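Below is one structure, written out as C-alpha cells; comments come after it.
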Amino acid sequence: MTAHTLPTPAEFCGWGGSTAAAREIQHQLAEKVVLTDDFGLLKVVAGVDVGFEDGGKITRAAVVLLDAETLEPLGHALARIPTCMPYIPGLLSFRELPAVLQALDSLDQTPDLIFSDGHGIAHPRGLGIAAHLGVVTGLPTIGVAKKILTGFHQPLGEQRGHQVDLVDKAGKVIGTVLRSKDKVRPLIISPGNRVSLESAAQLVMRYVTRYRLPEPTRLADRLASRRDEKRVAVSK
DNA sequence: GCGACAG
DNA sequence: ATCTTGTCGC
C-alpha cells in the first residue's frame, strides 16, 4: 500500500530506485497536503527523530509520546533497521521514514499530533519529511528544522517568540522562522499536514520550555542519538 | 556552468 | 547525522 508513497528501502539500495522517481512521488504527494487545522483537542503529542549507529550502517528512529497538557511522558518506541540510502538534500524522507514508520507502528497509542525533525512544506517540492510523514500516516504533523533548506526571510527579532515568514521565490509563505529562546539560532517551522502555518508556530511555542527545541522533538532527539548513554560513557 | 543543500 | 575536550560567554 505504501509502494506508491514510499519506495521500499530495498528499491533504493544500490540505486535501484532513481532520484527522479523519488522527486516525482514528492510532487504527487505534495498535492495531498492539507493546511487546515482539522484536529480536535490534543490529548497525546509525539516527537520523532532519527539517529545513526555503527558509522551510519544502522538507522535508528525514536518516537516519544507526551501528554499534550502536562508534557508527562506516556511512552516511547525505537526502531533500528539497516541503512540503505545515502543522505541527499531534498530526499531525506526516503532515507529516514521507513524506520520512523516502523517505530510508530510499534506504539500502542496513536498521537494526535507529531513534531518531526526536519521540514514540512518548506521544501523544494513542498514535501519535506514532516509533510511526507503526515500524508503517509494521515496524522497532523509539524516540521521543526534547525536550518533552512529553501526559502528566504526578513531580519528576525532577538527575543523569544519573535518570528518572521519564510517565503519561496514566488513570494509564497512556506514556513516561519521562530526564535524559540533569547539568544539562540532560530528554528524553522513549517506545517507538515493538517496544520496551518499560524498554528504550526504557535504549537511549537506551546511546547518549548527552557530549551531551544520543543519538548517532543528534544526528547525524541535524545533517544535517537543516545545522548544519555554517551554522556555516561564520556564522564566515566 | 556554479553554488546551495533538512538530517 | 556523526567523529569529539575544552572553553568562551550569557
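FYI, side chains are in, hydrogens and waters are out, and symmetry mates aren't considered; it's all heavy atoms of this structure. Each chain gets a letter, A, B and so on, in the order its sequence line appears, and its residues count up from 1. Nothing here was measured: the structure is a model prediction, and the numbers come from that model.
The pair A:R218-A:D49 fails the salt-bridge criterion, with no side-chain N (NZ, NE, NH1 or NH2) lying under 4.0 Å from an Asp/Glu carboxylate O. A salt bridge between A:E53 and A:R80 is present, with a side-chain N of the basic residue lying under 4.0 Å from a carboxylate O of the acidic one.
In this model, no donor atom of one side chain and acceptor atom of the other lie less than 3.5 Å apart for A:E198 and A:Q202. Side-chain contact annotation: A:T141 with A:N193, donor-acceptor N/O pair under 3.5 Å absent. A:E215 and A:T209 share a donor-acceptor pair across their side chains, judged by distance under 3.5 Å alone.
When each of A:D221 and A:K183 is assigned the nucleotide of DNA chain C with its nearest heavy atom, A:D221 is the one assigned upstream, toward the 5' end.
Within the model, atoms CD1 of A:I129 and NE2 of A:H123 stand 10.0 Å from one another, a figure rounded to the nearest 0.5 Å.
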Represent DNA chain C in dot-bracket notation, 5' to 3'. Only Watson-Crick or G-U wobble pairs with both distances under 3.5 Å count; pseudoknot-style crossings use [ ] and interstrand partners use |.
..........
Annotated structure of DNA chain B as dot-bracket, pair cut-off 3.5 Å, Watson-Crick or G-U only, | for inter-strand, is .......
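The ring-ring contact (aromatic ring centres under 6.0 Å, His included) pairs that include a residue from residues 133-160 of chain A number zero, where partners must be two or more places apart or lie in different chains. Residue pairs meeting the side chain to side chain donor-acceptor pair (under 3.5 Å) criterion with at least one partner in residues 89-115 of chain A, sequence neighbours excluded, are A:S93-A:H132.
In this structure, the CG atom of A:D54 is 14 Å from the C1' atom of C:dA1, given to the nearest Å.
Between A:G175 and A:S190, the shortest heavy-atom contact is CA-CB, 4.1 Å.
Scanning for side-chain hydrogen bond (donor to acceptor under 3.5 Å, both in side chains) contacts around A:D168 gives an empty result, with sequence neighbours left out.
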Could you write nucleotides 1-7 of chain B as a row of B, S and -, 5' to 3', where a protein heavy atom under 4.0 Å of any base atom gives B, of only sugar-phosphate atoms gives S, and otherwise -?
----BBB
